[in-house]
Amino acid sequence: MALSLEELEAAIIEKATKSPKPQLYVKDFYKCDPDAKPRQIKNVANDLVKKGELMFWSSGSTTMYARPDRIKDEEGAEGIN
Amino acid sequence: MAKHETPLLDELEKGPWPSFVTDLKRQAETKPECWDILGQLELSYKDRITHWKHGGIVGVFGYGGGIVGRYSDVPAQFPGVEHFHTVRVAQPSGLYYTTENLRALMDLWEKYGSGVTNLHGSTGDMIFLGTRTENLEPLFWDLTHDLGQDLGGSGSNLRTPACCLGESRCEWSCYDTQEICNHLTQHYQDEIHRPAFPYKFKFKFSGCANDCVAAVARSDFSVVGTWKDQIQIDQAAVKAYLNGDEGYPVNGGAHKGGDWGPFDIQKEVFDLCPTQCMWMEGDELKIDDAECTRCMHCINVMPRALRPGKEKGASILMGAKAPILDGAQFSTLVIPFIEINKENDFEEVIDVIEKVWDWWMEVGKNRERVGETMQRVGLPTFLSVMEIEPLPQHVREPRSNPYVFWKEEEVPGGWDRDVKEFRKRHAA
Ligand code: HEM
Ligand code: HEM
Ligand code: SF4
Ligand code: SF4
């Protein structure tokens with residue numbers, strides 16, 4: 001990959017902080033480093049969850065990522081299956 | 001919790017079949033929250049809209065799957081289903097349980113949940129229906145620490161792999177379905193517990209084309225046992241079937257309740273052979289194995305006379321899915337034969353899996369199953385991505401399109417040519 005691990009982590013966090021919607025698909029992070037393999041990006045994003053920088057958010061059938069401080073509604077959003 | 005009036009649901013108890021309404025009422029005697037399931041469903045019948053909310057941030061720490069969040073949108077009326085999350089518990093390969101284990105699981109669920117279960121869900125897991133967020137971590141702790149069991153997959157994860165009972169009980173199994181199912185479950189723990197893909201992805205393993213786990217209908221990656229060489233024939237047993245000898249019931253006796261008359265091999269076997277590759281020569285059964293599509297039909301009818309060949313392995317089909325976005329579809333044959341090799345930790349199969357994943361993660365749209373991505377790009381493109389030569393087995397029907405499209409690299413000299421040189425030989 002073109003970015004170092006730290007740079008990639010920072011880019012993912014920035015993306016999740018500035019995105020119009022708080023919830024993102026893993027695919028939305030691919031653009032953070034177009035040279036990295038999708039599975040590498042997935043691993044870094046999942047690591048960020050372990051570190052508490054991101055959290056998983058489930059729409060019911062798809063799992064998305066979000067910055068914990070951007071998710072307020074304890075019960076999640078309605079109407080997305 | 002109050003009992004609710006449920007005149008509409010009560011109608012569902014009147015038919016001759018078992019009713020989930022009756023079951024839930026019975027369960028409500030010890031788990032009063034079940035009254036609220038009934039009450040809320042009754043309200044939905046009246047309002048003609050669901051009162052369940054999907055999704056949210058429910059789960060156990062470190063896992064991005066295994067719990068399916070459900071909340072009531074009328075919790076004040078039905079506090080018992082304010083939270084009603086589903087817990088997916090990974091099933092053992094081949095669905096073998098000890099009664100001791102089943103009791104322990106049920107005790108766990110009585111303690112932390114509604115006691116309502118579904119064994120087994122469409123994905124394969126045990127489904128525990130209905131618990132509150134604060135029960136999830138303690139339940140998970142007990143499940144993993146006391147029972148040594150784990151949650152299954154949900155969301156955009158690899159779903160809990162599932163297999164038929166395979167070699168443990170079935171002589172037709174062409175490979176050890178339980179072994180590969182368990183191996184890949186361990187190998188892909190991260191993919192099972194944390195989101196990995198544009199959408200869900202399922203492996204299922206059947207030991208033969210009878211496909212007892214319905215891999216071809218239910219999994220993105222269906223591994224179905226098959227063989228390369230000839231069906232093994234015991235001619236003496238064929239004669240015993242033809243004579244209707246005792247101990248040679250057709251279909252292993254499966255349909256013996258009906259009066260079918262004497263066994264008619266022409267009608268019951270040859271005419272139903274999809275490739276019409278069987279016939280009698282005198283009193284010898286003949287099979288043109290080059291034509292046989294390994295469908296298992298003749299073997300099912302005459303299990304003591306016929307068995308799968310000796311050179312065993314599997315076919316890999318990809319892309320089945322339920323009809324959520326487009327129509328439902330079965331898996332498409334991609335690899336007609338692959339060895340299933342325990343000695344090298346199933347390396348050949350893992351190579352194929354990771355090749356599809358790498359491609360689909362890149363090219364698949366959000367919430368697009370791999371079968372939909374395959375459909376979008378077309379089978380020829382998909383095969384070239386997979387570096388598989390097109391084979392007759394990939395062809396569903398003779399072509400109706402007269403055009404052949406070549407790619408530049410397939411044509412000697414590519415698209416460039418010297419027009420003047422050409423015109424010397426072919427005047428315009
Ligand atoms: C009129 C009401 C209902 C009808 C007609 C109904 C019917 C069905 C049918 C036909 C299936 C498919 C079974 C299969 O594939 O073998 C199913 C699955 C399911 N039902 Fe119901 N159901 C009803 C109410 C409920 C309620 C109240 C709940 C939960 C409290 C529920 C939870 C489920 C779940 C979780 C599944 C999926 C299980 C699986 O994946 O196998 N259903 N239902
Ligand atoms: C209008 C209401 C609902 C609709 C349209 C709906 C739709 C669906 C669909 C399409 C699936 C996927 C089935 C499959 O691919 O196998 C599904 C699965 C499921 N639903 Fe629902 N659902 C509804 C209500 C509910 C409710 C009320 C519950 C629980 C309280 C529930 C729990 C589940 C669970 C646990 C599964 C997965 C079962 C498994 O793992 O096999 N759903 N639902
Ligand atoms: S799929 Fe085939 S091998 Fe597996 S249990 Fe069924 S009949 Fe036996
Ligand atoms: S397995 Fe199926 S295709 Fe092959 S000979 Fe038997 S009936 Fe015909």
Side-chain angles (χ1 to χ4, degrees), chain A residues 1-2 8-9 12 15-16 19-81, chain B residues 49-73 75 82-83 85-86 123 133-134 153-159 188-191 193-200 322 324-325 353-354 357-369:
Chain A
M1 59 177 114
L8 181 56
E9 285 186 343
I12 289 176
K15 176 113 198 161
S19 60
K21 273 192 165 186
Q23 301 92 353
L24 291 96
Y25 290 101
V26 69
K27 247 184 122 69
D28 299 332
F29 296 133
Y30 291 178
K31 293 171 212 113
C32 294
D33 184 355
D35 298 330
K37 281 207 160 201
R39 287 184 80 198
Q40 283 172 310
I41 305 235
K42 180 265 293 182
N43 288 339
V44 174
N46 285 345
D47 256 1
L48 286 172
V49 175
K50 277 185 215 154
K51 294 179 185 165
E53 296 285 352
L54 295 177
M55 63 184 279
F56 294 127
W57 187 93
S58 162
S59 74
S61 59
T62 312
T63 318
M64 304 176 82
Y65 297 82
R67 289 284 282 167
D69 55 5
R70 294 187 70 191
I71 299 286
K72 279 157 216 101
D73 180 6
E74 258 291 305
E75 308 212 330
E78 230 183 299
I80 311 166
N81 184 19
Chain B
I49 190 167
T50 182
H51 285 290
W52 294 105
K53 291 196 288 183
H54 282 188
I57 53 177
V58 55
V60 295
F61 186 71
Y63 276 24
I67 310 288
V68 184
R70 292 288 182 274
Y71 300 89
S72 170
D73 70 2
E82 180 186 19
H83 298 194
H85 310 315
T86 296
T123 314
T133 304
E134 59 271 21
S154 68
S156 315
N157 302 22
L158 175 65
R159 302 306 184 82
Y188 290 121
Q189 280 289 300
D190 192 57
E191 281 76 7
H193 296 309
R194 281 161 281 276
F197 308 117
Y199 203 15
K200 66 179 89 164
I324 299 194
L325 293 183
I353 290 171
E354 299 196 351
W357 281 355
D358 283 345
W359 173 76
W360 175 52
M361 289 176 76
E362 187 104 42
V363 175
K365 297 181 182 168
N366 289 326
R367 296 173 58 79
E368 187 175 62
R369 292 285 283 272

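All chains are named by letter (A, B, ...) in the order of the sequence lines, taking the proteins before the strands, and each is independently numbered beginning at 1. The structure presented is a predicted model; accordingly, all values stated were derived computationally and were not measured.
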The side chain to side chain contact (heavy atoms under 4.5 Å, CB included) partners of B:Asp358 (sequence neighbours excluded) come to A:Lys37, A:Arg39
Between A:Asn46 and B:Pro195 the two heavy atoms that sit nearest each other are ND2-O, 3.2 Å
How many angstroms lie between atom NZ of A:Lys27 and atom CD of B:Glu368, to the nearest 0.5 angstrom? 8.5 Å
Counting distance only, does the side-chain N/O of A:Lys42 pair as donor-acceptor with the main-chain N or O of B:Glu191 below 3.5 Å? no
Donor-acceptor check, side chain of A:Tyr30 to backbone of B:Met361, threshold 3.5 angstrom: yes or no? yes
Atom NZ in B:Lys365, atom OH in A:Tyr25: separation rounded to 0.5 Å? 12.5 Å
Pairwise side-chain contact, A:Val26 with B:Pro198, heavy-atom cut-off 4.5 Å (strictly under): no
Relative to chain A, which segment of B:Phe61 carries a heavy atom at a distance below 4.5 Å: side chain, backbone, both, or neither? side chain
Quick check: does any side chain N or O of B:Lys200 sit under 3.5 Å from a backbone N or O of A:Thr62, one acting as donor and the other as acceptor? no
Which atom of A:Phe56 lies closest to which atom of B:Gly62, heavy atoms considered: CE1-O, 4.3 Å
